[in-house]
Amino acid sequence: MGQINKLKILNDPIYGFITIPDTLIYDLVQHPYFQRLRRISQMGLSYLVYPGAHHTRFHHALGCMHMMQKAIETIRFKGTVISKEEEIALCTAILLHDIGHGPFSHAMEHSIVENISHESISMLFMDKLNAEFDGKLTLAIQIFRGSYHRKFMLELISSQLDMDRMDYLKRDSFYTGVAEGNVNSDRLIQMMIVVDDKLAIEEKGIYSVEKFLMARRLMYWQAYLHKTSLAAELILTKTLKRAKELIHKGIDIDCSAPLKFFMEHKIEPADFNDEVLELFSRLDDTDIVSALKAWQYHSDFVLSSLSRMIINRDLPKIKFGEEKFSKEEMEAYIRDFSARNGITAHESGYFVFKGRIRNQAYDKEAAPIRIYKKDKSIEDVVEASDHLNLKALSKPVTKYYICFPKVLVEN
């Protein structure tokens, strides 16, 4: 049998052709752990608001790898030496940065597993793959963990101007049709330079950085924290919590074997052995959707009602405010809903709840976006910019919300 050609070219609707630069990366893309990302949507339940938002984590990971190839090319062109080994490690690390995402991404972190982030699960997957690939991922893992001596490499993977953000803003803007999020990633990458082992942007690229931060803020309010997507994600989290509660009471719940395992057990970081990781790798959006389809006919009022809300997109009302909503207002909604449906206040708490969301386009406390000026000095973008908006963008904005069923609105 002839050798398989592993230097493939893929067609991407945003960048055109993406090349797989190395046989190791080809083998990682082909691995079942990575192929699973085809079945995990990039924007969770946002397609209930933006019907085009059906793109996946698989799409996004390949896009990030493509951006990384461009960034390496630019940085090398400006005189920073990056070896072939480092190049493959950077492409590998960014390719696998989201491999630990669970079904519908963020809803999973609060309901299927407990107190463990997708980043930690990504690390576990990377360690497992490294063992399978005879240590070929060691350098990629060192960069990802921040233990490699060349610090700018981690900034390309995880910072306020990393390849992850470069791709997801452009991709999510494309698939949602929210034009305000469209960033000029090519221009931003062309402006990158490494100075004293830190990533910086040449001064003439400052307006592109401003536009990038503005796009990020707008995408958060218009897409990621859109009130309907937020309501859908919160209801999905509540549905999974209710299913867990019923299982723990000994009530039978129909769902796939991997999902049942995570519903039956409280999985904390210390419990993630190889067996648990293997079960986690069998979970994707289809497990959740098929469970919701079954649960909408369950005899439990709470579980069936919550499931129907998502399946039929008949979501609760969500109200935003600058101040916290009062306990009295929430209790009034709960009393009313309990009386209407003959259920307890605890059960009504699955339909009426409050919380807060926070959005900060630029975090001044984190590692800054550095501007490399013509006189060779380095300045934080907020100080270097003549744009007053950037000061505002670095202030966190908090909004409070209360969620309650539509039937209570008529009152």
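Below, all heavy atoms of this structure are taken into account, side chains as well, without hydrogens, waters or symmetry copies.
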| said: Before you tell me yes or no, could you show the steps for Lys260 and Asp254 under salt bridge (Lys or Arg N to Asp or Glu O under 4.0 Å), namely the whole-Å CA-CA distance, both residues' side-chain angles and the distance that decides it to 0.1 Å? | reply: CA-CA 8 Å; Lys260 189 142 227 183; Asp254 191 22; 5.9 Å; no
So, [X] versus [Y]: side-chain donor-acceptor pair below 3.5 Å or not?
| X | Y | answer |
| --- | --- | --- |
| Gln35 | Arg38 | yes |
| Ser307 | Ser304 | no |
| Tyr224 | Asp172 | yes |
| Glu132 | His31 | yes |
| Asn184 | Ser208 | no |
| Glu119 | Ser117 | yes |

Would one find more than 12 heavy atoms of other residues, nucleotides or ligands at under 6.0 Å from atom [atom1] of [X]?
| X | atom1 | answer |
| --- | --- | --- |
| Lys151 | NZ | yes |
| Glu383 | CD | yes |
| Phe301 | CZ | yes |
| Phe320 | CZ | yes |
| Asn312 | CG | yes |

Beyond-backbone contact of [X] with [Y], side-chain heavy atoms, under 4.5 angstrom:
| X | Y | result |
| --- | --- | --- |
| Lys399 | Arg356 | no |
| Gln360 | Lys395 | no |
| Ile288 | Leu240 | yes |

Flag the pair [X] and [Y] as a salt bridge only when some basic side-chain nitrogen lies within less than 4.0 angstrom of an acidic carboxylate oxygen.
| X | Y | answer |
| --- | --- | --- |
| Arg150 | Glu86 | yes |
| Asp380 | Arg370 | no |
| Asp98 | Arg57 | yes |
| Glu329 | Lys354 | no |
| Glu202 | Lys78 | yes |
| Asp12 | Arg171 | yes |
| Lys244 | Glu264 | no |
| Asp22 | Lys6 | no |

| field | Shortest non-hydrogen separation from Pro269 to Glu114 and the atoms involved | value |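 It is CD-O, 3.7 Å.
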| said: So which atom in Met166 and which in Tyr15 form the shortest heavy-atom distance, rounded to 0.1 Å? | reply: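 Nearest heavy atoms, Met166 then Tyr15: O-OH, 4.4 Å.
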Below 6.0 angstrom between ring centroids: does that apply to [X] and [Y]?
| X | Y | result |
| --- | --- | --- |
| Phe351 | Phe337 | yes |
| Phe58 | Phe34 | yes |
| His59 | Tyr175 | yes |

| task | Step by step, work out the salt bridge (Lys or Arg N to Asp or Glu O under 4.0 Å) result for Lys128 and Glu278. | result | CA-CA 10 Å; Lys128 186 97 165 55; Glu278 186 54 44; 5.1 Å; no
| field | Intermediate values then yes/no, side-chain hydrogen bond (donor to acceptor under 3.5 Å, both in side chains), His97 and Asp162 | value | CA-CA 12 Å; His97 79 283; Asp162 57 28; over 6 Å; no
Mind checking the [atom1]-[atom2] spacing from [X] to [Y]? Nearest 0.5 Å is all I need.
| X | Y | atom1 | atom2 | answer |
| --- | --- | --- | --- | --- |
| Thr80 | Phe152 | OG1 | CZ | 6.0 Å |
| Glu245 | His248 | CD | NE2 | 10.0 Å |
| Met43 | Leu48 | CE | CG | 11.5 Å |
| His265 | Leu279 | NE2 | CG | 9.5 Å |
| Ser46 | His54 | OG | NE2 | 10.5 Å |
| Leu90 | Ile72 | CG | CD1 | 4.5 Å |

| query | Step by step, would you call Asp284 with Arg36 a salt bridge (Lys or Arg N to Asp or Glu O under 4.0 Å)? | reply | CA-CA 7 Å; Asp284 57 51; Arg36 179 183 80 98; over 6 Å; no
| task | Answer yes or no for Lys227 and Tyr401: cation-pi contact, defined as NZ/CZ to six-membered ring centre under 6.0 Å and angle to ring axis within 45°. | result |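 Output no; distance or angle outside limits.
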